[in-house]
There are 2 protein chains.
Amino acid sequence: MAQSRALDDGTAHDGRRDLAAMIVPLGRALMAAESPVLRAHGLSMWAYSVLLALGEEPVRTQNALAQAIGADKTRIIGVLDGLQERGLIERRPDPGDRRVRLLSLTAEGRRLRDSAQAGIRERETRLLARLPAADRTAFLRALRTLSSLPEDEIIDPE
Amino acid sequence: MAQSRALDDGTAHDGRRDLAAMIVPLGRALMAAESPVLRAHGLSMWAYSVLLALGEEPVRTQNALAQAIGADKTRIIGVLDGLQERGLIERRPDPGDRRVRLLSLTAEGRRLRDSAQAGIRERETRLLARLPAADRTAFLRALRTLSSLPEDEIIDPE
DNA sequence: GCTTATCATCTGCTCATGCAGATCATTGAT
DNA sequence: ATCAATGATCTGCATGAGCAGATGATAAGC
């Protein structure tokens with residue numbers, strides 16, 4: 001263990017840093033990278049998250065949508081108001097239960113989402129070009145796997 | 001483009017999600033995973049980050065330390081006070097410039113850091129076991145590369 | 001019909017964070 | 001010696017997020 005810190009960079013005895021220590025700042029930087037693209041499209045991070053979460057089928061209940069994007073159900077109401085006013089989403093009562101809203105994208109909302117996402121994708125492609133092709137592919141595959149895990153499986157693996 | 005959304009899961013036309021959309025929630029979950037380990041060691045996230053950032057050589061200036069861990073220099077003062085009180089770190093004036101503090105780990109601080117990190121590493125190993133070995137290796141290699149990039153290179157690649 | 005539960009909505013409160021400003025001690029330049 | 005800059009420290013302010021509670025409309029169960 002005398003060599004446990006040959007390099008003073010937060011690394012453990014196997015020479016790598018904690019996952020969180022690598023992933024969290026990277027996530028912050030990626031969000032900062034998205035910021036100008038979203039601004040150019042007149043979207044906040046939460047507005048964009050909402051657009052990403054809405055697809056071909058309406059999402060049933062605002063609470064379900066909020067949970068899907070990791071937001072507070074009370075705090076997305078203003079976001080939804082704004083998106084609805086701009087004609088990017090529609091909110092309709094569920095005919096079978098009028099307490100509930102069905103949320104869907106408009107064609108305009110889809111276009112804006114796709115345009116913003118294309119801008120973000122372009123930047124990501126340039127960033128990922130720093131990785132060897134095989135590493136890039138494996139990285140994305142691993143990331144998809146890990147990010148698809150239910151949260152409690154990440155928190156308490158096995 | 002008619003097939004651009006075969007699956008309604010926030011994916012672009014190449015079928016993958018935005019990096020931020022995958023990495024940010026993963027980072028949050030990883031932090032949540034660390035939480036019980038840190039609590040068991042009587043450490044906050046920031047306290048742990050400070051311990052990780054201090055190595056064999058003293059860190060010169062509190063501001064440099066704050067920047068290194070992505071914290072606000074004014075907000076880590078309390079953290080440093082607490083760590084110092086517990087005998088986990090030392091703060092000494094630089095003999096060459098008494099405005100400046102030299103920050104270093106005590107032996108006790110090193111032990112606590114290493115113990116916490118071992119606990120966290122154990123959980124990570126279990127989590128990463130879900131990946132095929134080759135993907136795991138490539139993922140960690142890629143993650144190291146990306147997380148080592150200067151922030152402005154991530155924000156504005158090339 | 002009455003009671004309980006659910007959804008959307010609004011609002012208040014607390015906490016963390018980022019940033020700015022002020023103060024004091026120290027340093028460097030003139 | 002004076003002035004400007006720097007580092008640590010304290011504090012205030014604004015903002016956003018998380019959570020709780022209340023309200024009104026609607027639905028389900030008895």
Side-chain angles (χ1 to χ4, degrees), chain A residues 20-21 24-25 27-29 31-32 34-35 38-39 43-50 53-54 58-85 89-104 151-152 155, chain B residues 20-21 24-25 27-29 31-32 34-35 38-39 43-50 53-54 58-85 89-104 151-152 155:
Chain A
V24 170
R28 272 203 214 104
M31 281 201 292
E34 293 191 359
S35 196
L38 297 182
R39 201 179 313 116
L43 293 170
S44 67
M45 275 296 317
W46 286 121
Y48 180 57
S49 295
V50 168
L54 298 178
V59 171
R60 190 174 176 284
T61 88
Q62 286 178 196
N63 189 31
L65 175 67
Q67 290 188 325
I69 68 174
D72 180 85
K73 70 181 180 188
T74 66
R75 299 299 175 204
I76 65 160
I77 291 168
V79 175
L80 297 177
D81 289 345
L83 290 171
Q84 185 175 13
E85 276 163 30
I89 66 166
E90 283 177 338
R91 284 198 258 188
R92 293 210 189 84
D94 183 338
D97 181 348
R98 282 182 300 173
R99 296 171 301 182
V100 165
R101 296 289 148 78
L102 301 177
L103 304 153
S104 50
E151 194 183 36
D152 48 4
I155 293 176
Chain B
V24 170
R28 270 202 216 106
M31 282 201 291
E34 293 191 357
S35 195
L38 296 182
R39 200 179 314 118
L43 294 169
S44 67
M45 276 296 315
W46 285 122
Y48 179 58
S49 295
V50 168
L54 298 179
V59 170
R60 190 173 177 282
T61 89
Q62 287 178 193
N63 189 33
L65 175 67
Q67 289 188 324
I69 67 174
D72 181 85
K73 69 179 177 186
T74 67
R75 300 300 176 203
I76 66 160
I77 291 166
V79 177
L80 296 177
D81 289 346
L83 290 171
Q84 186 176 12
E85 275 163 29
I89 66 164
E90 282 177 340
R91 283 199 258 188
R92 293 212 190 82
D94 182 339
D97 181 348
R98 282 181 300 172
R99 295 172 300 184
V100 165
R101 295 291 149 76
L102 300 179
L103 304 154
S104 50
E151 194 182 37
D152 49 3
I155 291 176

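Keep in mind that the numbers below use all heavy atoms, side chains included, and drop hydrogens, waters and symmetry copies.
Distance, B/Asn63 CG to D/dA5 C1': 14 Å, rounded to whole Å. Summarising the geometry, the separation between CG on B/Leu80 and C1' on D/dG7 is reported as 13 Å, rounded to the nearest angstrom. Going from atom CD of A/Gln67 over to atom C1' of C/dA8 covers 14 Å, rounded to whole Å. If you take CE of A/Met31 and P of C/dT17, they are 13 Å apart, rounded to a whole angstrom. Spacing between atom CZ of A/Arg92 and atom C1' of C/dA8 amounts to 18 Å, rounded to whole angstrom units. Rounded to an integer number of Å, the gap from B/Ile89 CD1 to D/dA8 C1' is 13 Å. Between A/Ile77 atom CD1 and D/dA22 atom C1' there is a gap of 13 Å when expressed in whole angstrom units.
Summarising the geometry, atom CD belonging to A/Glu34 is positioned 11.5 Å from atom CD1 belonging to B/Ile155; distances are rounded to the nearest 0.5 Å. To the nearest 0.5 Å, atom OG of residue A/Ser35 and atom CG of residue A/Leu43 are 11.0 Å apart.
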Using a cut-off of 4.0 Å between protein heavy atoms and nucleotide atoms, how would you tag nucleotides 19-30 of chain C 5' to 3' with B, S and -?
BB-----BS---
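Between the side chains of B/Thr61 and B/Asn63, no donor N or O sits under 3.5 Å from an acceptor N or O.
The shortest heavy-atom contact between A/Ile69 and A/Ala53 is CG2-CB, 3.5 Å.
Contact annotation for A/Arg60: no contact, since no heavy-atom pair falls under 4.0 Å across all strands.
For A/Arg60, the side-chain contact (heavy atoms from CB on, under 4.5 Å) partners are A/Asp94, A/Asp97, A/Val100, A/Leu102, not counting sequence neighbours.
Nearest-nucleotide assignment on DNA chain D puts the 5′-proximal partner with B/Arg91, out of A/Trp46 and B/Arg91. Positionally, the nearest nucleotide of DNA chain C for A/Asp81 lies more toward the 5' end than for the other of A/Arg28 and A/Asp81.
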Show me the donor-acceptor pairs within less than 3.5 Å that the side chains of residues 78-85 of chain B make with the rest of the protein, sequence neighbours left out.
unit_1  : atom_1 : unit_2  : atom_2 : d
B/Asp81 : OD1    : B/Arg91 : NH2    : 2.3
B/Gln84 : OE1    : B/Arg91 : NE     : 3.0
B/Gln84 : OE1    : B/Arg91 : NH2    : 3.3

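Proximity of B/Trp46 to B/Arg75: side-chain heavy atoms (C-beta onward) are nowhere separated by under 4.5 Å.
With D/dT9, D/dG7, C/dC10 as the candidates, the nucleotide lying closest to the side chain of B/Val100 is D/dG7.
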